[in-house]
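One structure is given below, encoded as structure tokens.
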Amino acid sequence: MAITTTQAATALHPLDPLTADEIRAAVAVVHASERLGSDALFIRVFLHEPAKSAVLAFRDGDPLDRQAFVLIRDRRARTTCEVIVSISRHAILSWTEVPGVQPPITFDEFLECERMVQGNPEWQAAMKKRGVTDFALAMVDPWSAGYYGQADDPARRLVRALTWIRTDERDNGYARPIEGLVTLVDLDRMEVVEVEDHGAVPLPTHDGNYTAAALANPRNVPYVPAGPRADLRKLDIAQPDGPSFELSGHELTWQKWRLRIGFTPREGLVLHTVGYEDGGRVRPILYRASLAEMVVPYGDPAPTHWRKNAFDEGEYGVGTLANRLELGCDCLGEIRYLDAVVSDTRGEPIVLENAICLHEEDFGILWKHTNFRTGDVEVRRSRRLVISSIATVGNYEYGFFWYLYQDGTIELQIKLTGIVSTGAIAPGAEPEHGVLIAPGLYAPNHQHWFSFRLDMMVDGLENAVYEVNSVSAPLGPSNPHGNAWVNRRTLLARESEAQRLIDPLAGRYWIVTNPTVTNSLGQQVGYKLVPGQNVGALAQPDSSIARRAGFITRHLWVTRYDPAELFAAGDYPNQHPGGAGLPAYVKADRALERTNVVLWYSVGAHHVSRSEEWPVMPVDYAGFQLKPVGFFVGNPALDVPATSHNGHDGAGHCQ
Ligand code: CO
């Protein structure tokens, strides 16, 4: 069963995302100013978040001053403007032209660009050279241009579009890349600037279809689906009494967890004011947790692939591209959904129904012990709360899943799926910088990098960050048998010291403590960031991509809180020459002790493809955890009751 929470007609809390009516009202204020060129695009309209102090001081019923951040591209004037609108007062609070930047590429431009390129004679000539004449079946994906020299200066609004060809409208075109063809497009003028033709490679011979309809009658595929499987029996998740969480507007309560759910067109899901009820009061842990950037560097020097970069968050927007989720498909069980509201380039609100899914999952055992002398068994089942959203960015899907656990753990998991970006290769050739996935078709090597910004608030705003490494003690009087090791805790006292790599061999983690709060054992309360699977960045440090995505050169960065610092590669990564975001934020080398600290964690999902990932990729995972360390004394999940091991009659509890 699923219930979509009806969006409140008016916002109730300063952090509630803008409603459709508020978006309309903000856009109306901008239009009424008559400052807008006739050819302006509304790139983004979203909540201008109030100051942290105002949010923390807010009490239910206090008056709200709702503000919108409106990002505008004037195509004719080639200018980008940030406008802050007071919706409550119908007034423009500021109007700032931002020189030398390119705002993100919009979905409307995707479609407009494809149609325009399909009609371009030079591009058509290149297609004809490859034996393709039905241009309407071409898929032209507007890959962000990157920055590879002065010609990519953000004065012009550029994309390097890549082309694939379908056999019919529903065919998976990624099976047939038009190798060697790169179309440089100016999106402001909506015209082709240059068609680069690096020479034709034969079109791959096989189809790559995966829909149930296509698999029912598979033709011309290199894989053999002998299905559908007939041995899957029904699996029902039943919660006859409803879920154990409560949703009130965007405020979520689940057992002892308290938080607010936000959503922006750029970041998608945002968690606000995450706290845990303990001894009758809510103890804060996180003020704001969000995706701070994404980038997909490709490791192939071939002319069609070397400039693929894609900052999927800052150059496109994972919120704008969020899916409408379906019960029983994306989420299973007793589901509650939240809609998300984004906007198109005219500033019209678009309601993405069911963009955010909330549900509980059984997660195996939570804790267990068998007293082998008495035979007494105590076991508890783990239940986790899942808050998720999935974005489709061109060929890929990215799922962002936040999990809350009963032992105080917070986990972020990215689910990567969809269709790998493909290239064509001459029959019989072996790709040097990728993996053959079908005849004449390969997936170039690449990585997916994500930066998560964790604005910490462990029992308050005065926090400090330590790195902990486990170190073997040298042989000597204090380690006579050579078995001893210690946990060395090092304060990351300044931003210059807080740019770190993972070290799984030393069990490295980072702990955010509150030096002003100790537990009953006399330990500073803390939460630690525990890395999951991760990797190093393989692009050369002086490459364009490493300069533009400086955040991928370190796994952990810590900064002193500044509300203007939200994005790991800067506010406007599209066509940015590099150096923005974290590398710029830490230049001031601010002190980090006993202050509001922000952790930035970079997760690299290393992608050497496999033939099993064609034509659609089984989900791959990446992420990290935040775990309490000394935040509680004793296992915080001791109070989870035993459950019946026979769900039907309630007989026999797991004692
Ligand atoms: Co990939």
Side-chain angles (χ1 to χ4, degrees), residues 139 141-144 146 160 162 164 172-177 179 204 208 210 223 268 291 293-302 304-318 321-323 389-401 412-425 431-438 441-452 532-539 543 545-546 548-549 551-552 555 568-569 573 601-624:
M139 308 194 310
D141 286 2
W143 283 72
S144 57
R160 287 191 162 83
L162 301 178
W164 287 264
N172 173 13
Y174 296 113
R176 290 191 183 82
E179 192 67 31
Y210 54 85
Y223 39 88
L291 178 69
E293 195 48 85
M294 272 193 62
V295 66
V296 189
Y298 281 76
D300 185 348
T304 324
H305 305 287
W306 73 275
R307 287 165 299 195
K308 283 181 174 172
N309 59 105
F311 289 68
D312 291 296
E313 190 208 76
E315 290 181 338
Y316 298 99
V318 301
L321 299 175
N323 293 176
S389 174
I390 302 173
T392 299
V393 190
N395 51 300
Y396 258 105
E397 263 73 17
Y398 297 103
F400 298 95
F401 286 66
L412 178 281
Q413 186 178 60
I414 308 145
K415 299 190 185 186
L416 301 98
T417 181
I419 302 174
V420 289
S421 185
T422 51
I425 188 167
E432 189 183 351
H433 302 94
V435 176
L436 198 68
I437 52 171
L441 186 73
Y442 79 107
N445 297 337
H446 60 278
Q447 299 183 317
H448 303 254
W449 282 91
F450 306 83
S451 170
F452 287 91
Q533 186 174 303
N534 211 332
V535 68
L538 288 171
S543 63
I545 195 67
R548 299 180 59 229
F551 71 91
I552 71 175
H555 296 112
Y601 184 62
S602 309
V603 189
H606 198 59
H607 200 174
V608 180
S609 194
R610 301 176 291 134
S611 50
E612 289 85 349
E613 290 179 343
W614 185 252
V616 65
M617 238 181 98
V619 169
D620 205 358
Y621 304 90
F624 64 89

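Each ligand, and each atom within it, is numbered from 1 in the order the structure gives.
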N, O or S from Tyr396 under 2.8 Å to the Co ion (ligand 1): yes
For atom CD of Gln533, decide whether the heavy atoms of other residues, nucleotides or ligands shown that lie under 6.0 angstrom number more than 12. no
Is it true that the side chains of Trp164 and Thr422 contain a donor and an acceptor less than 3.5 Å apart? yes
With heavy-atom distances below 4.5 Å as the criterion, would you say the side chains of Tyr398 and Thr392 are in contact? no
Contact check, side chains of Met139 and Arg176, non-hydrogen atoms, under 4.5 Å: no
The Co ion (ligand 1): angle it makes with NE2 (His446) and NE2 (His448), nearest 10 degrees: 100°
Have a look at His607 and say which of its N, O or S atoms is nearest the Co ion (ligand 1). ND1
